[in-house]
Amino acid sequence: MAEEEDVYTKDGTVDYRNKPANKKKTGTWKACPYILGNECCERLAYYGMSTNLVYYFKTQLSQETVTASKNQSNWSGTCYVMPLLGAFLADSYLGRYWTIAIFSIIYVCGMTLLTVSASVPGLRPICYEKNKCHSTDSQTAVFFVALYLVALGTGGIKPCVSSYGADQFDDADLIERNYKNSFFNWFYFSINIGALVASSLIVWIQQDISWGWGFGVPAAAMALAVVSFFSGSRLYRYQKPGGSPLTRICQVVVASLRKFHVTLPAEKSLLYETAEAESAIKGSRKLAHTNDLRFFDRAAVKTGSDENRGSINSWKLCTVTQVEEFKSVVKLLPIWATGIIFSTVYNQMSNYFVVQAMSMDTYLGKMKIPEASLSVFDTIAVILWVPVYDRVLVPFVRKFTGHKNGLTQLQRMGTGLVISVFAMVSAALVEVVRLGIVKRHNLYNSKDIPMSVFWQIPQYMIIGCAEVFTFIGQLEFFYDQAPDSMRSLCAALSLTTTALGSYVSSLLVIIVTDISTRNGKMGWLTDNPNYGKLHYFFFLLSVLSVLNFFIFLIVARTYKYKKAINKDDPVPMMANDDDNKLAY
């Protein structure tokens, strides 16, 4: 009987027929290729149209540099805010599978309209010479409708795909749990395979063939992503939606405020929890009580009025698990906030790194290199570092730390924050050298400065290395530390750092432009970078990154990892058993 029970997962997942998921027939690495293939193609589509967006705004829609930069940052930010909508629908009602499916179709529609807007006469901008075009208000409007339709589509997909892939591994199975740690590395690896094609081949098509083909190929890739995803339907494990997480959060707050005068019991066993092995929240394991944020434990204190009622009113009495869900999300917020500046740095790859490249020598022999295609070196760095990290660095560091993953998730994220500082310093030094050449040769009005664009390679490679530590660490951390029924929502929460990073980038541009142009000065950020001081902007980001790291250090040292209680196992299990034994 025990062997028969061991055939099925213990984390509440089911198969496509809504029956308990069989470990041998569903999930693990046999289901993951379809999810990784979907992510690879979707990222090819996304980066294929986003990498060169600033260039399109400037050359096709004839926007000024600052306007193009703000539009790119605002759109990119929206792409990372929309996951909150997708995550809410996935966790509350639709489940991750159907959320991905529905929003993928919206995504394809947006990409198709984008292709049409760049290729059909009357909708595409009118060009009087190469890269010098003019667009009407209606043409610009169609382009932006398509662009924000893509933002809506990607919003539903982003928070669900990584979580859905991780759902294929049973948290209650030690072997499968260890596989999950590698999954996040290879998930990010697949993202960058798609990005590699996008930042090299797709950018070249856009600038050397046509924007119609340049958007059409990513649209086809997105259609392929949908096919890949549906192909694995019979092999997937499905986590049931647990109802609105926002409602449960509000219930904890309201119930604890109603009982603010209630004295907390000395024994945690006196707090209310269901007697069953499974949580009252569908698709979720029970969580062990913690002593953090004790005020909210009042929501689980059972009073005389609660006992006199025939049924439990969740707005007056919550289970320990529901209270711990709320605590888990609150404890994630300080860590989440420290990811914003890192995302601001990351945003410069498709923003002021491109602006910097537009005033450098972009020729390799007689072949012109598209400015935005330099981001291929960021992608190459990630592709090189993921297997090195997974196969070499983890076993090596494990010998010194004793931690099964080498570094804790927080240590991994902090390492990336430090590395990102050097990326901005590198970009600033390149700009100092470039401006020195401009000054010596009086090239202020020249677009082609005799300094190879390949001097930008180090700043891209350093950001790529930082990504492997910080972004993958974030993916794993927010999935691991999220309550079972809030994993899409917490994944979306981690993605909003990228959104806020884009908005902070846009805000910094506005503030820096306003301050640096006072008293009739040219300012740091000018349409002609030869007259500006772009290196000051990069140094500013370096300083902000250093300050951000020290704040992260303080927050990380006080963080305690969650404890989940598996079904049939009364002993609380930490998401990472070794993590609380190690200081940051």
Side-chain angles (χ1 to χ4, degrees), residues 29 32 162 165-166 169 171 173-192 332 334-336 338-339 342 345-346 378-423 425-426 458 460-482 494 497 545-546 548-563 573-584:
W29 292 114
C32 285
S162 61
F169 302 92
D171 252 344
D173 185 300
L174 186 60
I175 295 174
E176 289 195 15
R177 220 168 100 213
N178 289 334
Y179 288 153
K180 186 180 294 187
N181 298 323
S182 285
F183 168 78
F184 286 106
N185 289 328
W186 295 108
F187 177 80
Y188 206 75
F189 182 86
S190 68
I191 287 175
N192 282 274
L332 288 175
I335 300 292
W336 163 82
T338 58
F342 181 85
V345 168
Y346 176 78
D378 162 77
T379 305
I380 289 171
V382 173
I383 291 172
L384 291 175
W385 267 102
V386 165
V388 169
Y389 184 92
D390 197 60
R391 302 300 181 190
V392 179
L393 197 60
V394 168
F396 177 75
V397 176
R398 185 189 295 139
K399 295 177 183 178
F400 299 95
T401 63
H403 190 276
K404 66 181 186 298
N405 296 329
L407 298 173
T408 68
Q409 295 155 356
L410 291 173
Q411 287 170 339
R412 181 175 186 172
M413 290 160 62
T415 303
L417 295 183
V418 172
I419 294 171
S420 69
V421 174
F422 296 100
V425 172
S426 176
Y460 280 102
M461 296 286 281
I462 295 170
I463 286 185
C465 179
E467 283 180 65
V468 171
F469 286 88
T470 297
F471 276 157
I472 300 179
Q474 272 185 348
L475 275 175
E476 189 177 350
F477 178 77
F478 278 87
Y479 180 88
D480 241 5
Q481 297 305 300
S494 72
T497 61
S545 296
V546 171
N548 182 62
F549 170 70
F550 283 111
I551 294 170
F552 173 83
L553 207 58
I554 294 168
V555 171
R557 283 182 177 276
T558 60
Y559 186 84
K560 292 180 181 178
Y561 289 79
K562 79 169 188 182
K563 297 177 182 180
M573 180 197 71
M574 289 182 189
N576 282 292
D577 296 309
D578 301 324
D579 287 342
N580 282 343
K581 298 175 186 176
L582 294 171
Y584 168 80

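Values reported hereafter were calculated over all heavy atoms of this structure, with side chains retained and with hydrogens, waters and symmetry mates removed.
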Ring centroid separation Phe187 to Tyr479 under 6.0 Å
no
Could you pull out the closest heavy-atom pair between [X] and [Y], with the gap in Å?
X: Asn185; Y: Val386; answer: O-CG1, 3.3 Å
X: Ser545; Y: Val421; answer: CB-CG2, 3.7 Å
X: Pro387; Y: Ile383; answer: CD-O, 2.9 Å
X: Cys465; Y: Ile419; answer: SG-CD1, 3.8 Å
X: Gly473; Y: Gln409; answer: O-CB, 4.4 Å
X: Asp390; Y: Ser182; answer: OD1-OG, 3.3 Å

Pairwise side-chain contact, [X] with [Y], heavy-atom cut-off 4.5 Å (strictly under):
X: Phe342; Y: Met413; value: no
X: Tyr460; Y: Ile380; value: no
X: Tyr389; Y: Leu407; value: yes
X: Tyr188; Y: Leu475; value: yes
X: Phe469; Y: Leu393; value: yes
X: Tyr559; Y: Leu332; value: yes
X: Leu384; Y: Val388; value: no
X: Phe549; Y: Ser420; value: no

Nearest 0.5 Å please: distance from the [atom1] atom of [X] over to the [atom2] atom of [Y].
X: Ile335; Y: Leu410; atom1: CD1; atom2: CG; answer: 5.0 Å
X: Asn192; Y: Glu467; atom1: CG; atom2: CD; answer: 6.0 Å
X: Trp385; Y: Met461; atom1: CH2; atom2: CE; answer: 10.0 Å
X: Ile463; Y: Asp378; atom1: CD1; atom2: CG; answer: 6.5 Å
X: Ile551; Y: Leu417; atom1: CD1; atom2: CG; answer: 11.0 Å

Mark yes or no for whether [X], through its side chain, and [Y], through its backbone, hold a donor-acceptor pair below 3.5 Å.
X: Arg412; Y: Val468; value: yes
X: Ser426; Y: Phe422; value: no
X: Thr558; Y: Val555; value: yes

What is the ring orientation for Phe169 with Phe183, classed by angle as parallel under 30°, tilted 30 to 60°, or perpendicular over 60°?
tilted
